[in-house]
Amino acid sequence: MMKKQPAQWLLSAASVGIAGLILTQSYGTAVADTNTEGFVQTPEQKVTTRQVAALLDRSHYLNQPLDSKTGSEILSMYIDSLDPNHTLFLQSDVDELKKKYAAEFGDRLKRGDLSAGIEVFERYRKRSNEYFAMASKMLKTDLDLTSNETIVLDREKLGHFKTKKEQRDYWARQLKFQLMSITLGQEDEKAKEQVFLNNPDITRGQDLVRNDERTPSEILLNRLSRQQEQFKRLKDDEIMETILNTAMLTYDPHSNYYAPVQANELQIQSSLQLEGIGVSIRPDRKNPDYTRIVTLVDGGPAAKSGQIKPNDLIVGIAKDGKNMIDVVGWSTREIVSLIRGKRGTSVTLKLRQASAPEASARTVTVVRDIIQQEESGVTQRVVEVQRPNIDKTPKRIGVLEIPSFYLNYRARRNGEDYRSVSIDTEKALKELNKENIDGLVVDLRNNPGGSLDEVAKMLGFFIKSGPLVQIRDNRGNIQVYRDDDGGEQLYDGKVVVITNLASASASEIFAAAIQDYGRGLVVGSTTTGKGSAQIQLDNLALGSATLTQRKFYRITGGSTQNKGVVPDVELVNIYDDATFGERAQKKALPWDTIKTAPYKPEGKFTNDTLATLNQQSTIRQQKDPQFTYLSTLNDIRNMDDEKKPVKLDINSRRAKMQLIEKRSLEAENKRLIATGERPYANWNTYQAAMDAKFEERSQMKANERPELPEDETFINEAAYIMLSADSKKMISPEDSL
């Protein structure tokens, strides 16, 4: 049995904080005329601020005191978090605020005082309102979209504007670019809708014609107004979250503070259950001001009521017996926070069908219950793979898909029945063993991580015995997680692990151990590089936090931090390394090494073997229509660089977009022809067909959706590599095709 560990550690890339509604693109948002100057801290908010400051000052892995230098860094990062594109704050604003607060920002946090952060937010609010006022005025005039002006969309590395004239000139150009984008989008949408009207079979019986008659200016004004309304509803706790989360992110990307609503989200992600009514929602296609119910969870309260249907629009919510709130224009996040609540409490929804008049709206009261997110857990299946000219009969390959290393901490702590990834994986492996599989593909693509205890238990299913991962704390103490079960293995057959740039943390521990023991091959692309462990803190006065207190290391001594796990065989990388993963994060902890933990490898893939496997795989990928398609999309993605000036001429922009569309359609048709399918006649027909397919898939349960061919090709290639590596005599590249 694996030794029990004293603490529960979170190892999730998803723990990067979501700072309320603030802010991803500063030029695209506006703050309503709310009185944040009236934000008077409650005793709980003051205590929470002191608690977070104390954690950073005394308990973070870096051992970096929250002194004046660190406080100044936090202030700078806070300003950048509000205005990441450097378009709202003037340089004079930044200079003034830093001169006034930089030296004492850290001390204020330690005293529980958020007033400096509130003043920064208030300046941000003022500049945002100035932008909204200018946008409202400009969008009521005719703007020239055929000028020789240019704009750089990505200004993160550029300075703040020195004068209001410079700033307003940029705002004007930004509005023109947004209008150009909306205009071109409308052209595409109208052409696509005409395809639906001319070919109703494409819609698959769905109402996909939006028939939006608004002008681009009206659409943009409506979008800005909706954002403004969201800010009217911004709670003091969410403003506090932005300040405190920024303070934690100044230490490293995975230390986070979550206001109560986000703390609930974190628990849901890690436990695979929530307390609600069992519906999935999203903005309505035809009018994003409305939120539409997409699907119902079988057996959930909404489905049991018999009164709530897919495609219902949510127009009002009365939470826990309170007055009905009009939620038209609310974000899905806000609506989710109203619907969710404690088991046994009730929520009343005001609903209407999309095509029905407002007067037909009905109210339905539902009692919340625990909803198990069954579809989010481990899944297993068997695929048949036959290598041409090599396998006389198909090989049966087990596929184990692990979306995260989840664990319902609270249920386990309370002695209740609970779900965890190791429990589900044990069941899945036992089922696969009954299938007499010839090998196993463990799919960790897009797996953000999770529980350290769980990944250690899972490794014990595959490895005979020995160290699994090393953990170093901020004092230099090293703890080794071990599998000491006397060599017992639940699965001892051939293994290959698939990773990509979105495989993080606990996923990297799993892949690294399989690789270091020679237990199997790792294929795909280099992982995220999150080599740190966070402890979850639920004992704050308000909300919760994750704090980085340890780093983990491979049994060979090298950290996965920053570098990630490099695969034995490279497959096409669908992500942009420059913008995704640990290596693209601000304040990422560095890579380093510690001593090797003595271990006994179970196998060995020589350099010659790996070189041959890579050569064989490269040849297959170059001939595989799905891999060729994905590689082409990577090239197309690089055609639009937001760091380079974009000409504000709609005709030039239209030509650029048409070139991108042309190349995208060529790539799609090339793979369709290669796989014996019918190509699309033009871009509009292609887009209409894709809309219909995606809409249909969105209404299916996850376990009912057919595998996408571009995803499944990774499974097949991983199986080919595994089977080739197991051959007693290495086969030639030509024979492996």
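Since the model is a prediction, treat every value here as computed from it, not as a measurement.
- Each of Asn634, Asn446, Thr526 was evaluated against Tyr575; a single residue qualifies, Asn446, per the side chain to side chain contact (heavy atoms under 4.5 Å, CB included) test.
- Screening Val441, Leu429, Asp443 against Leu400 for a side chain to side chain contact (heavy atoms under 4.5 Å, CB included) leaves a single residue, Leu429.
- Using a cut-off of 4.0 Å between Lys/Arg side-chain N and Asp/Glu carboxylate O, Asp83 and Arg127 are scored as not salt-bridged.
- In the displayed structure, Arg475 atom CZ is contacted under 6.0 Å by at most 12 heavy atoms of other residues, nucleotides or ligands.
- Judged as a side chain to side chain donor-acceptor pair (under 3.5 Å), and not counting sequence neighbours, the contacts of Asp252 are His60, Ser255, Thr548.
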Under 3.5 Å, which donor-acceptor pairs link side chains of residues 49-59 to any protein atom two or more places apart or in another chain?
unit_1	atom_1	unit_2	atom_2	d
Thr49	OG1	Gln45	O	2.8
Gln51	OE1	Ala541	N	2.9
Asp57	OD1	Leu66	N	2.7

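- Using a cutoff of 4.0 Å between basic side-chain nitrogens and carboxylate oxygens, Lys464 and Glu602 are not scored as salt-bridged.
- More than 12 non-hydrogen atoms from other residues, nucleotides or ligands lie less than 6.0 angstrom from CG of Asn477.
- For Lys110, the NZ atom counts as densely surrounded, since its 6.0 Å shell holds more than 12 non-hydrogen atoms of other residues, nucleotides or ligands.
- Evaluated for a side chain to side chain contact (heavy atoms under 4.5 Å, CB included) with Leu589, the options Pro253, Ser559, Ser532 yield exactly one hit, Ser532.
- Contact check on Lys99 versus Glu96 returns no salt bridge, with no Lys/Arg side-chain nitrogen under 4.0 Å from an Asp/Glu carboxylate oxygen.
- Ring-plane geometry between His160 and Phe89 is classed as perpendicular, the angle between the planes exceeding 60 degrees on a 0 to 90 degree scale with a lower cut at 30.
- Judged purely by atom type and a 3.5 angstrom limit, Arg155 uses its side chain to pair as donor or acceptor with the backbone of Asn85.
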